[in-house]
Amino acid sequence: MIPDAQDERVICRQTTITLRNFAGEASDADQRPLLLFLHGALRNKDSLLPIAPAYADFERAFCDLPGHGGSERPLDYSLAEYAGEIASLLRRRFGGRDAVLVGESMGGLIALRTALDQRLNISALVLADPPLTCSKQWALRATMRQMAREGRSIRAMADLSEPMFGMSETGEVIGERHYYRLLDELQMPCLVLTGSEPLFPARTAEIRVPCCLDEFDLYLLRRLYPDRVSIRRIEDCGHTLLVEKPEACADAIRSFIAELT
């Protein structure tokens, strides 16, 4: 059951962000880092709220990213703009509170970019199946093509598809977007979670959304960042693993944070 809490409206740098915050239930919750959850594209904080009970021993917050849910539209849909708004949210709502950012899919990219701001008190990152290389994300392209055929237009997706994913709103690849360069600059521990539903081969009529990270991505992460990035594969789930397997993901995140101290 989702704990009782009210939505808050936080005035940030350029936008107002809707947030729901839950106090930690453990006696030492104030000694543990805040968990700030960032959802993926075409979703909002409500899609992640069902996992809140799995992290009851932590203070945890779930926000609507700018242009999603109850939050205002950003000035633009660039990764830098999103990161600036989340950095402002952390400063204005939580002050100097130690935080771990947990980002799902596109939210992981935003968490990664936000963590490069060394003025923030972010101690670690959890990236749940982020699309580190975008042009090969055939499932995303297929979804966008289907939306275009059906005449369904989602304003946020139309606005962010090119700057974030290098695609037109109809799913055509305009230019590559890859985000390994952000990991090159990262100065903190990072846990990458992924599921067991493979990206390739491309296919149709799947029950699960395929993972964004393929075996080559996992190879690069292990090879390029052995001292900075740890990887955990969660079995029997796909791209939305935080929701599909909340307890398994929570156990992995809890173990990762315990190793930080």
Side-chain angles (χ1 to χ4, degrees), residues 15 17-19 35-49 51 61-87 89 100-116 122 125-144 147 154-169 171 173-183 186 190-195 197 199 209-214 217 221 238-244 249:
T15 64
I17 290 180
T18 301
L19 174 86
L35 303 183
L36 177 60
F37 288 85
L38 307 178
H39 62 79
L42 299 180
R43 289 159 73 80
N44 55 47
K45 73 178 187 314
D46 291 349
S47 63
L48 293 180
L49 287 179
I51 72 175
F62 300 79
C63 74
D64 285 328
L65 291 172
H68 296 73
S71 293
E72 294 177 349
R73 289 167 51 81
L75 288 182
D76 64 67
Y77 283 79
S78 67
L79 189 60
E81 182 67 20
Y82 271 111
E85 293 305 298
I86 297 303
L89 174 68
V100 172
L101 304 188
V102 183
E104 170 201 57
S105 189
M106 183 187 78
L109 302 179
I110 296 169
L112 184 54
R113 179 63 177 81
T114 304
L116 300 186
I122 300 172
L125 291 182
V126 178
L127 311 180
D129 201 44
L132 293 173
T133 304
C134 293
S135 63
K136 63 185 176 184
Q137 303 304 326
W138 62 266
L140 175 60
R141 296 200 307 273
T143 298
M144 295 169 70
M147 290 169 56
I154 298 178
R155 180 76 179 271
M157 194 64 189
D159 289 335
L160 65 80
S161 58
E162 190 278 328
M164 191 70 68
F165 302 118
M167 300 177 191
S168 72
E169 61 183 290
V173 176
I174 298 171
E176 181 61 278
R177 298 287 185 273
H178 59 85
Y179 294 100
Y180 284 94
R181 59 182 175 79
L182 300 179
L183 286 166
L186 193 65
C190 176
L191 171 64
V192 173
L193 298 176
T194 191
E197 189 68 32
L199 178 61
V209 179
C211 294
C212 288
L213 297 173
D214 63 12
D217 288 309
L221 289 170
H239 177 59
T240 56
L241 65 161
L242 289 179
V243 175
E244 293 178 58
C249 290

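For reference, positions follow the sequence shown, starting with 1.
Annotation: side chain of Ile51 is in contact with side chain of Phe37 (closest heavy-atom distance under 4.5 Å). Contact annotation: the side chain of Phe165 never approaches that of Ser135 to less than 4.5 Å [non-hydrogen atoms, C-beta and beyond]. Annotation: side chain of Leu213 is in contact with side chain of Pro130 (closest heavy-atom distance under 4.5 Å). Annotation: side chain of Met167 is not in contact with side chain of Ile174 (no heavy-atom distance under 4.5 Å).
What you find for Leu112 and Tyr179 is that their closest heavy atoms are CD2-O, 4.1 Å. Considering all non-hydrogen atoms of both residues, Cys212 and His239 come closest at SG-CE1, 3.4 Å. The two residues Ser47 and Val243 make their nearest non-hydrogen contact at O-CG2, 3.4 Å.
One distance of note links CG of Leu160 with CE of Met106; it measures 5.5 Å at 0.5 Å rounding. Between the CG atom of Leu125 and the CG atom of Leu101 there is a distance of 5.5 Å, given to the nearest 0.5 Å. The CG atom of Leu36 lies 5.0 Å from the SG atom of Cys63; values are rounded to the nearest 0.5 Å. The line from CG of Leu186 to CZ of Arg113 is 12.0 Å long, rounded to the nearest 0.5 Å.
Side chain of Glu244 to backbone of Gly238: a donor-acceptor contact under 3.5 angstrom is found. A donor-acceptor pair under 3.5 Å is formed between the side chain of Thr114 and the backbone N or O of Ile110. The backbone N or O of Thr15 sits less than 3.5 Å from a side-chain atom of Glu85, completing a donor-acceptor pair. One N or O on the side chain of Glu104 and one on the backbone of Gly40 form a donor-acceptor pair closer than 3.5 Å.
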Does Asp64 form a salt bridge (charged side-chain N to carboxylate O under 4.0 Å, His left out) with Arg43? I'd like the steps, not just the answer.
CA-CA 9 Å; Asp64 285 328; Arg43 289 159 73 80; over 6 Å; no
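Between the side chains of His39 and Asn44, not a single donor N or O lies within less than 3.5 Å of an accepting N or O. A donor-acceptor pair shorter than 3.5 Å cannot be found between the side chains of Glu169 and Ser161.
Shown are Thr194, Leu132, Thr133, Leu199; of these, the side-chain contact (heavy atoms from CB on, under 4.5 Å) with Asp214 is made only by Leu199.
Of the charged side-chain nitrogens involved, none lies within less than 4.0 Å of a carboxylate oxygen, so that Arg73 and Glu81 do not count as a salt-bridged pair.
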